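Structure, as structure tokens:
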Amino acid sequence: MDLPEELIRMQHDADDKGRTLEHLDDVERQAQREAWFEAAAKVEAAVTAYAQEQGLNRHDVEKTLRQAARRPHSQS
């Protein structure tokens, strides 16, 4: 399944925000956690919309997206 690059970029962004949490103090961590949750919610909404538009199973799209996001970031 080929996914739009925008979905993959959104997942990378959410993943990056989540990884940042490890290196922050309590105040910074809370703000970053909120940014991470917001990014993850946007990815979830985009995956759901894409799956519905394409007539695909949402969970299959999410699985494929996570696999695609594990590959190194493309520099475009």
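A quick note: this is a predicted structure, and the numbers were derived from the prediction, not measured.
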Quick check for you: to the nearest 0.5 Å, what is the distance between [X] atom [atom1] and [Y] atom [atom2]?
X	Y	atom1	atom2	answer
Arg9	His12	CZ	NE2	10.5 Å
Met1	Gln67	CE	CD	9.5 Å
Thr64	Gln11	OG1	CD	12.0 Å

Name each donor-acceptor pair under 3.5 Å that joins a side chain in residues 49-58 to protein atoms two or more places apart or in another chain, with its distance.
unit_1: Tyr50; atom_1: OH; unit_2: Asp2; atom_2: O; d: 3.3
unit_1: Asn57; atom_1: OD1; unit_2: His59; atom_2: N; d: 2.8
unit_1: Asn57; atom_1: OD1; unit_2: Asp60; atom_2: N; d: 3.1
unit_1: Arg58; atom_1: NE; unit_2: Thr48; atom_2: OG1; d: 2.9
unit_1: Arg58; atom_1: NH1; unit_2: Glu62; atom_2: OE1; d: 2.8

If the condition is side-chain contact (heavy atoms from CB on, under 4.5 Å), which residues does Asp26 pass it with, not counting sequence neighbours? Arg29

With the side chain counted from C-beta on, respond yes when Asp25 and Glu28 share a heavy-atom pair under 4.5 Å apart, and no when they do not. yes

Which residues pass the salt bridge (charged side-chain N to carboxylate O under 4.0 Å, His left out) test with Glu34, not counting sequence neighbours? none

State whether the side chain of Gln32 and the backbone N or O of Lys17 hold a donor-acceptor pair below 3.5 Å, judged by distance alone. yes

Considering all heavy atoms, the nearest Asp16-Thr20 contact: O-OG1, 2.8 Å

To check you understand the geometry: which heavy-atom pair defines the closest contact between Val47 and Val61, and what is its length? CG1-CG1, 3.7 Å

Students should find that the hydrophobic cluster of Phe37, defined by side-chain heavy atoms under 4.5 Å apart, otherwise consists of Leu21, Trp36

Going by the rule side chain to side chain donor-acceptor pair (under 3.5 Å), which residues pair with Arg33 if we only count those two or more places apart in sequence or in a different chain? none

Show me the donor-acceptor pairs, under 3.5 Å and distance only, between side chains in residues 38-45 and residues at least two apart or in other chains.
none

